[in-house]
Number of protein chains: 2
Amino acid sequence: MPRIFVRMLSKTCEYGLRAMIFIAQHSRDGKRIGISQIAEGIDSPEHFIAKILQVLGRKGIVQSIKGPNGGFYLDEKGRKCSLATIVRALDGDDLFNGCGIGLRQCSPVHPCPIHDEFKKIREDIETMLEGARIGEFTEKLDEGLLFLKRN
Amino acid sequence: MPRIFVRMLSKTCEYGLRAMIFIAQHSRDGKRIGISQIAEGIDSPEHFIAKILQVLGRKGIVQSIKGPNGGFYLDEKGRKCSLATIVRALDGDDLFNGCGIGLRQCSPVHPCPIHDEFKKIREDIETMLEGARIGEFTEKLDEGLLFLKRN
DNA sequence: ATAATAAAAGACAAAAATGTCTTTTAATCG
DNA sequence: CGATTAAAAGACATTTTTGTCTTTTATTAT
Ligand code: FES
Ligand code: FES
């Protein structure tokens with residue numbers, strides 16, 4: 001059973017959240033930030049996050065412009081968008097609805113042994129992710145109180 | 001981005017927990033339960049859960065006997081074992097330690113933007129899984145108040 | 001217009017997780 | 001003992017996730 005790593009969110013989603021928070025930090029007053037700088041800034045594979053941002057772009061969650069001086073940026077709406085919105089866009093909402101031990105459907109009338117406790121956890125996760133906004137970390141990132149990569 | 005399903009625990013771990021709870025229910029007073037009945041009882045691939053139970057068996061978490069009237073069973077210790085023990089045995093403890101948005105290490109002195117909130121969630125999950133025992137669901141399963149598969 | 005820039009898109013590759021099948025080993029029963 | 005039963009183990013296949021590379025499209029600047 002060579003399990004390497006289990007996580008709550010997929011890599012796709014982790015990169016997506018870090019990238020969006022990074023873009024929020026680096027696209028103030030009309031500036032844009034390029035994909036290679038994003039990749040460097042969050043320590044992640046460039047082409048992979050490019051694809052992730054394309055998905056978010058198609059859904060109107062992030063903005064981008066091609067060509068010289070192009071790059072990614074967030075409008076006011078994007079800056080206020082919750083982390084939950086990003087998670088839903090990339091991972092779907094199974095994290096918020098699925099059964100903790102894999103029953104095909106979570107249902108209170110056909111509950112698994114940990115249904116009540118797990119539902120509570122799921123709701124806490126959702127509350128947390130709904131409550132946090134992409135743009136709210138900018139200042140603390142500037143001040144070096146928060147980080148988006150290891151070093 | 002064709003994400004099919006995101007879950008907190010791996011399939012391996014989900015099957016493992018369901019199988020162990022099922023074994024607890026069906027191995028009372030010296031009885032044993034065979035792998036094919038377990039597979040049917042929790043609606044999961046037989047050979048796959050066989051492998052999972054082998055891992056748990058090597059770690060002494062589940063008991064088994066070969067041959068006629070053989071099968072899997074739990075001793076008293078196994079029945080009291082927490083769900084967290086199973087999760088750790090199968091998925092490791094990254095779920096209890098890892099950073100929510102994928103920094104290489106979760107650390108309060110080098111926190112990601114959601115460190116505090118995520119730490120709280122992680123601790124709640126751990127508390128829940130530490131608190132629940134494999135054998136505690138037997139009666140309610142018997143009574144049809146809890147379920148380990150869809151139908 | 002042409003060249004340069006940068007994202008979008010598509011094809012492909014590698015790794016990991018999940019699932020299946022076959023052979024081997026151990027226990028029981030006649 | 002030999003036959004049968006059932007788990008253990010090993011090999012392999014499929015699917016999903018993650019990552020890389022190349023080509024295309026759009027924008028800007030000269
Ligand atoms: S049925 Fe399992 S969490 Fe609801
Ligand atoms: S650093 Fe991200 S959860 Fe602790």
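First the proteins, then the strands, lettered A, B, ... as listed; each starts at 1. This is a predicted model, so every value here is computed, not measured.
Residue-level contact check: B:Arg32 touches neither bases nor backbone, having no heavy atom under 4.0 Å from any strand. Within the 4.0 angstrom heavy-atom criterion, no nucleotide atom of any strand lies near B:Leu53. Note on A:Gly71: only backbone sugar-phosphate atoms sit closer than 4.0 angstrom, heavy atoms only; bases stay farther off.
Proximity of A:Arg58 to the phosphate of C:dA9: a side-chain N or O atom is located under 4.0 Å from OP1 or OP2. Neither OP1 nor OP2 of C:dT5 sits under 4.0 Å from any side-chain N or O of A:Asn69. When the side-chain nitrogen and oxygen atoms of A:Tyr15 are compared with OP1 and OP2 of D:dT18, none of them lie within a distance under 4.0 Å. Side-chain N/O atoms of B:Thr12 include none lying less than 4.0 angstrom from OP1 or OP2 on C:dA17.
Going from atom CD of B:Gln54 over to atom C1' of D:dG10 covers 10 Å, rounded to whole Å. At whole-Å resolution of the value, CD in B:Gln37 and P in D:dA6 are 8 Å apart. Distance, A:Lys51 NZ to C:dA13 C1': 14 Å, rounded to whole Å. Counting to the nearest Å, the C1' atom of D:dT5 and the CD1 atom of B:Ile33 are 15 Å from each other. As a whole-Å value, the separation of A:Glu46 CD from C:dA6 P is 11 Å. Rounded to whole angstrom, the span from the NZ atom of B:Lys66 across to the C1' atom of C:dT23 amounts to 12 Å. Rounded to an integer number of Å, the gap from A:Leu90 CG to D:dT18 C1' is 14 Å. Here the P atom of nucleotide D:dA8 and the CD1 atom of B:Ile49 are 12 Å apart, to the nearest Å.
A distance-only check finds no donor-acceptor pair linking the side chain of B:Glu123 to the backbone of B:Lys120 [under 3.5 Å].
Taking the side chain of B:Phe48 as heavy atoms from C-beta on, and the options C:dA7, C:dT20, C:dA9, the nearest nucleotide is C:dT20. With distances taken from any side-chain atom of A:Pro45 to the nucleotides D:dT27, D:dG19, D:dA9, the minimum falls on D:dG19.
Between B:Pro68 and B:Phe72, it is B:Pro68 whose nearest contact on DNA chain D lies nearer the 5' terminus. Heavy-atom distances to DNA chain C give each of A:Ile35 and B:His47 a nearest nucleotide, and the one nearer the 5′ end belongs to A:Ile35. Along DNA chain C, the nucleotide closest to A:Gly57 and the one closest to A:Gly67 are compared, and the more 5′ of them pairs with A:Gly67.
A donor and an acceptor atom never sit less than 3.5 Å apart when one is taken from the side chain of A:Lys11 and the other from the base of D:dT17.
No hydrogens or angles considered: nothing links the side chains of B:Thr138 and B:Arg79 as a donor-acceptor pair under 3.5 Å.
In this structure, B:Arg32 forms a cation-pi arrangement with B:Tyr73, its terminal cationic atom sitting closer than 6.0 Å to the ring centre and no more than 45° off the ring axis.
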Given side chain to side chain contact (heavy atoms under 4.5 Å, CB included), test B:Leu145 with B:Glu139 step by step and report yes or no.
CA-CA 9 Å; B:Leu145 300 175; B:Glu139 291 78 10; over 6 Å; no

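Under the 30°/60° scheme for interplanar angles, the aromatic rings of B:Tyr15 and B:Phe48 are found to stand perpendicular.
A salt bridge between A:Asp43 and B:Arg104 is present, with a side-chain N of the basic residue lying under 4.0 Å from a carboxylate O of the acidic one.
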